[in-house]
Number of protein chains: 2
Amino acid sequence: MSVTQLKKITKAPQTLRDIVQHRMREAIIAGHFAPGERLVERPLCDQLGVSRTVVRETIRYLEAEGLVEIVPNQGPIVATLSWDQAKQIYDVRLLLEGSAAAACTVVQGRNFGPKLTRALNAVEATMDDTEWADLLQATTKFYELIFLEAGQTIAWDIVQRLNGRISRLRALTIAARDRETSGMSHMRSIHDAILSRDAATARAAVEAHITDAAKTARGFLNADQPEVKDA
Amino acid sequence: MSVTQLKKITKAPQTLRDIVQHRMREAIIAGHFAPGERLVERPLCDQLGVSRTVVRETIRYLEAEGLVEIVPNQGPIVATLSWDQAKQIYDVRLLLEGSAAAACTVVQGRNFGPKLTRALNAVEATMDDTEWADLLQATTKFYELIFLEAGQTIAWDIVQRLNGRISRLRALTIAARDRETSGMSHMRSIHDAILSRDAATARAAVEAHITDAAKTARGFLNADQPEVKDA
DNA sequence: TACGGTCTTATGGTATACCATGCTTTGAGA
DNA sequence: TCTCAAAGCATGGTATACCATAAGACCGTA
């Protein structure tokens, strides 16, 4: 391949901001920062080895993403998550992912089936991993395939952003192994329904998957912070 | 009310960033900047009378919102909108707004009816205004009531953000007066269905409203930029 | 005249120093 | 021990200097 030359020309203009953004997002999602924890600029600069400008811009971006909140006269903190918010997020995912799966049954191309099957197998393969991040990534890839095949890139962006906000919950639900087996069976149902082009069943399977995850998550979140956030 | 005292204590910690952010967002949404137009930092600093830092952070935020795109090695431009993207946005709105209206039929409080009626009347009142922004705002308020009553604040955030990205289209569709009357009748249907707690009809009315708007928008966008954006 | 290489310039990107403000904490005095 | 003031700290905000790069102008040569 002459990709080498092309790569050189189209060389990744990955800016420092992008790297820092990615790193911080990952750090928050991975739970490296606790929710509510303050994100003090200058220490972050030291840790990351970049200037304040970069950190500040990154924080702005993550604020817009909902991963970071700004406390007036105090600065940025890692966004906290109430059960009410989490429930709303699961509700939106229910709509978007259900719709994507249904659309996918109609518009899927001829080589989509094998790809989806491979993705499902990848999920199953990571099931026994000790590293929960791998399973999370495999699951993400599975859904990404569905959204992209349905041509719903914007909805996928929204879902990904929402997933970032409930990443801690997702990690917790994954840690619950008993749920995983049911999660796996749900995903198999989704896979089968899509390949047999059964829109209604596909949507139902997705909704079952998410409802199940939400139910598991609720237990954790209620135990975590039982107090109700006022309006 | 002792609001005065409270106001003083809780005095708006509105930072410069917030102001600039708001101003620029409004400017883009109002069409003051053309899509694809470059947002050169230093001139913006001069125009707004602020430093580059503020402008840059604002641009990061708007980038995350999807209002601004970054062209590698060139800098930020006002986001462009292809018909495919617009269609996706209308599709997501279809799901979220339909769902909100349906939920609203169930959970609405006793004083919600009058409020919704007032909002509907406000829309009708602005119908003859020359200023399209007023009608847009009244329409927004109408839907906001529905989302908040349904307790779907996150979905409302998403819809608002999406609306920002298709603001030009919304302005154009509003300029088409013939659509407005039908839009008004659609909103009246939504209003009536919600108040009579008829979920299915409410959802259908919302979907009719959006589908209609999308159809009108399509004409404008196809005329605007017929070329297809490559993947 | 046309082509190609170099130089300038404008812009994005980064780093750093500085000031004002508002918490928070700590310490001194009552 | 309690209270209040002052100092420290973190942030918001600003200005500026520096580098890299991309685009365009300019000039020299064929």
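In what follows, chains carry the letters A, B, and so on, assigned in the order in which the sequence lines appear, proteins first and then strands, with residues in each chain numbered from 1. Note that these values count all heavy atoms, side chains included, but never hydrogens, waters or copies made by symmetry.
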Under the side chain to side chain donor-acceptor pair (under 3.5 Å) test, residues paired with T153(B) that sit two or more places apart: Q88(A)
Sorted by chain and number, sequence neighbours left out, ring pair (Phe, Tyr, Trp, His ring centres under 6.0 Å) with F147(A) holds for W156(A)
With heavy atoms under 4.0 Å as the rule, sort L39(B) into base, sugar-phosphate or nothing. sugar-phosphate
Qualifying salt bridge (Lys or Arg N to Asp or Glu O under 4.0 Å) pairs with a residue from residues 143-159 of chain A, counting only residues at least two apart or across chains: K141(A)-E144(A)
Return the value, rounded to whole Å, for the distance between atom CD of E41(B) and atom P of dT14(D). 15 Å
Hey, what are the protein-to-nucleotides 15-19 of chain C N/O distances that come in under 3.5 Å?
residue : atom : partner : partner atom : Å
dA15(C) : OP2  : S51(A)  : N            : 2.8
dA15(C) : OP2  : S51(A)  : OG           : 3.0
dA15(C) : N7   : T53(A)  : OG1          : 3.4

Pairs of donor and acceptor atoms involving the side chains of residues 31-43 of chain B, under 3.5 Å and at least two apart or interchain, shall be tabulated with distances.
residue : atom : partner : partner atom : Å
E37(B)  : OE1  : A34(B)  : N            : 2.9
R38(B)  : NH2  : Q74(B)  : O            : 3.0
E41(B)  : OE1  : R52(B)  : NE           : 2.8
E41(B)  : OE1  : R52(B)  : NH2          : 2.9
E41(B)  : OE1  : R56(B)  : NH1          : 3.3
E41(B)  : OE2  : R56(B)  : NH1          : 2.7

Can you measure D18(B) atom CG to dG12(D) atom P for me and round it to whole angstrom units? 10 Å
Between P on dG12(C) and CD on E63(B), what's the gap in Å once rounded to a whole number? 13 Å
Nearest whole angstrom, please: distance from the P of dG12(C) to the CD of E57(A). 12 Å
Salt-bridge criterion met for R23(B) and E26(B) (N-O under 4.0 Å): no
In whole Å, I'd like the distance from the CD1 atom of I59(B) to the P atom of dG13(C). 9 Å
Options dT14(C), dG12(D), dG12(C), nucleotide nearest the side-chain atoms of R17(A): dT14(C)
Whole-Å distance between dT14(C) P and Q21(A) CD? 11 Å
Kindly write out the residues that satisfy side chain to side chain donor-acceptor pair (under 3.5 Å) with Y143(A), not counting sequence neighbours, or none if the list is empty. H209(A)
If you look at every strand shown and take non-hydrogen atoms under 4.0 Å, does R56(B) touch a base, only sugar-phosphate, or nothing? base
